[in-house]
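Working notes, structure below.
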Amino acid sequence: MLGSIHKLVRAFIFQLVVVFISPVIFAHDRDVKPAGKTIIDFHAHIAGLGYGNSGCFVNEKMRNNFRFPFYLMAMGVSHKELREQGDAIVFKKISDAVANSSSVNKTVILAMDGVIDAEGNLDKQLTQIYVPNDYVYEQTQKYPNLLYAASINPYRKDAIQRLEQAKAKGAVLIKWLPSIMYIDPADPTLIPFYQKMIELDMPLLTHTGMEKSFSSARDELADPQKLTLPLSMGVTVIAAHIATTGKSHGEDNFERILPMFKQYPTLYGDISSLTQVNKLGFMRKVVTAPELQGRLIYGTDWPLQFFPLVSAWYHLGDINLKQALAISRIRNQWDRDVALKKAMGIQDEVFADGTRVLM
């Protein structure tokens, strides 16, 4: 434990050195950025407070959580800015950043449905964050480098109708966060929803593993083995973060999901969040696991890419000092994410496979 703390302290000091003195020492160098601009980021979040009639909300418990100010900072907005310009300003900021990236061409923006009550309606009290499908669809239509991903809680009374609407509007996938939306992927009552997903050729991107980004979570619902039902039916499932946090039934979630890749050919994993400080060492496991070869999809988990949550200096066991210096000096968040993951061993084909699988 003390060794891990010392490593983080050293990384923090290194980061401060880079921020304050590397522009002077390395003034003659240019940012080291990946060549080309063909990558699609399949995992980027959005949020809002309802300004500009967005329909978004964050419940009181989450707004009072210590994480909330950091999330606003990570999205590059203030409460005042949202109030004066509307929630939609975040879409413009994302689009501008992606446009300035030298590697990432487009980003998939994820809507976020909420908890559904026994009558099949949205429970606003239990829902921590809500981002409507219509809002994400309307805003992504304004920017050619942003793609629409819908979120539908299958317990809604009109869930299948919403699924058909999402497909008609060009949604590239459906996003779930079971532990926050209170969805049990193993529930047999969801079979008609899964059948419709197969009929519409609609992939499912669903969080797997323990969830620590919200004020509370039902982590038992994100046990990766709960995905056996949709996978056995043939649904294309992307396990967000490849279950790299937490345990289920006394077993590490990552160890629980690995054998499933051999058993189910429609299972994929996205590499979003794997550079975060709470997942040190997991990228090495992912890169070397034979079960995951050809089954990985690129995602960032934007906006959760900020220091001290993510830093190249945390990964000096997997990258060298020169690489850490170069990556830390890349200003664009997407370029920095791509550069770090490539330096840690993610192969070029991973950054292209998502397009083949999902589009």
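Here the structure is a predicted model, which is why all the values come from computation and not from measurement. Just so you know, residue 1 is the first one in the sequence shown, and it goes up from there.
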For this session: Could you give me the CA-CA distance, side-chain angles and deciding distance for Val104 and Asp337, then say whether side-chain contact (heavy atoms from CB on, under 4.5 Å) is met?
Result: CA-CA 10 Å; Val104 174; Asp337 186 76; over 6 Å; no

Exercise. Under 3.5 Å, is there a donor-acceptor pair between the side chain of Gln347 and the main chain of Gly345?
Worked result: yes

For this session: Might you work through the side-chain contact (heavy atoms from CB on, under 4.5 Å) test for Ser216 and Lys61, ending with a clear yes or no?
Result: CA-CA 9 Å; Ser216 62; Lys61 185 176 181 181; 3.8 Å; yes

Exercise. Going by atom types only, do Asp123 and Tyr182 share a side-chain donor-acceptor pair under 3.5 Å?
Worked result: no

Seminar exercise, completed: When every non-hydrogen atom of Ile183 is compared with those of Pro154, the smallest separation belongs to CD1-CD, 3.5 Å

Problem set entry | Arg156/Asp113 salt bridge by N-O under 4.0 Å criterion | yes

Problem set entry | N/O donor-acceptor pair under 3.5 Å between Tyr194 side chain and Pro185 backbone | yes

Problem set entry | Expected output: side-chain Gln305 to main-chain Asp301 donor-acceptor under 3.5 Å | no

Problem set entry | Neighbour count above 12 (heavy atom, 6.0 Å) for Gln293 CD | yes

Exercise. Does the side chain of Ser215 come under 3.5 Å of the side chain of Asn65 through a donor N or O and an acceptor N or O?
Worked result: no

Exercise. Residues two or more places apart in sequence or in another chain: which of them pass side-chain hydrogen bond (donor to acceptor under 3.5 Å, both in side chains) with Thr266?
Worked result: none

Exercise. With sequence neighbours left out, what residues match Asp318 under side chain to side chain contact (heavy atoms under 4.5 Å, CB included)?
Worked result: Arg284, Met344

For this session: Tell me, please, which residues at least two apart from Lys80 pass side chain to side chain contact (heavy atoms under 4.5 Å, CB included).
Result: Ser78, Arg83, Glu84

Exercise. Sequence neighbours excluded, which residues qualify as side-chain hydrogen bond (donor to acceptor under 3.5 Å, both in side chains) partners of Thr244?
Worked result: Lys279

May I have the list of side-chain donor-acceptor pairs in residues 227-239 shorter than 3.5 Å, sequence neighbours left out?
| residue | atom | partner | partner atom | Å |
| --- | --- | --- | --- | --- |
| Thr228 | OG1 | Gln225 | O | 2.9 |
| Ser232 | OG | Thr228 | O | 3.1 |
| Ser232 | OG | Leu229 | O | 2.7 |

Exercise. Are Asp41 and Trp302 linked by a side-chain donor-acceptor pair shorter than 3.5 Å?
Worked result: no

For this session: Drop me the distance from Leu340's CG to Met283's CE, to the nearest 0.5 angstrom.
Result: 6.5 Å

Exercise. Can you check whether Asn332's main-chain N or O pairs, donor with acceptor, with Asn100's side chain at less than 3.5 Å?
Worked result: no

Exercise. Judged by atom type as modelled, is there a donor-acceptor pair below 3.5 Å linking the side chain of Asp87 to the main-chain atoms of Gly50?
Worked result: yes

For this session: Kindly say whether Met210 contributes a backbone atom to a donor-acceptor pair with the side chain of Thr245 at under 3.5 angstrom?
Result: yes

For this session: Kindly write out the residues that satisfy salt bridge (Lys or Arg N to Asp or Glu O under 4.0 Å) with Glu199, not counting sequence neighbours, or none if the list is empty.
Result: Lys196

Exercise. Considering all heavy atoms of both residues, which atom of Ala343 and which atom of Ile327 are nearest to each other, and what is their separation?
Worked result: CB-CD1, 3.8 Å

Exercise. Backbone N or O of Ser328 within a donor-acceptor pair of the Arg336 side chain at under 3.5 Å?
Worked result: no

Problem set entry | ring-ring contact (aromatic ring centres under 6.0 Å, His included): pairs with one or both residues in residues 214-248, sequence neighbours excluded | His43-His241, His207-His241

Exercise. What's the spacing between Leu274 CG and Leu280 CG if we round to 0.5 Å?
Worked result: 11.5 Å

Exercise. Please walk me through it: do His45 and Met112 pass side-chain contact (heavy atoms from CB on, under 4.5 Å)?
Worked result: CA-CA 8 Å; His45 293 280; Met112 185 64 68; 4.2 Å; yes

Exercise. Considering all heavy atoms of both residues, which atom of Arg67 and which atom of Lys212 are nearest to each other, and what is their separation?
Worked result: NE-O, 2.9 Å

For this session: For Tyr135 and Phe91, run side-chain contact (heavy atoms from CB on, under 4.5 Å): C-alpha distance rounded to whole Å, both residues' side-chain angles, the deciding distance at 0.1 Å, then the answer.
Result: CA-CA 11 Å; Tyr135 171 61; Phe91 283 87; 3.4 Å; yes

Problem set entry | Contact list for residues 338-359, test ring-ring contact (aromatic ring centres under 6.0 Å, His included), sequence neighbours left out | Tyr298-Phe351

Problem set entry | Partner set under side-chain hydrogen bond (donor to acceptor under 3.5 Å, both in side chains) for Ser179, not counting sequence neighbours | none

For this session: Go through the structure and list residues passing side chain to side chain contact (heavy atoms under 4.5 Å, CB included) with Thr288, not counting sequence neighbours.
Result: none

For this session: Examine the side chains of Asp335 and Ser101 and answer whether a donor and an acceptor come within less than 3.5 Å of each other.
Result: yes

Problem set entry | Which atom of Asp270 lies closest to which atom of Ala240, heavy atoms considered | OD1-CA, 3.4 Å

Problem set entry | Non-neighbouring partners of Arg63 that pass side chain to side chain contact (heavy atoms under 4.5 Å, CB included), sequence neighbours left out | Leu49, Val58, Phe68, His79

Problem set entry | Asn253: partners by side-chain hydrogen bond (donor to acceptor under 3.5 Å, both in side chains), with sequence neighbours left out | Ser248

For this session: Over all heavy atoms of both residues, which pair between Phe306 and Ala74 is shortest? Give the atoms and the distance, please.
Result: CD2-CB, 3.3 Å

Problem set entry | Worked check of salt bridge (Lys or Arg N to Asp or Glu O under 4.0 Å) between Asp201 and Lys167 | CA-CA 9 Å; Asp201 192 24; Lys167 178 67 175 183; 5.3 Å; no

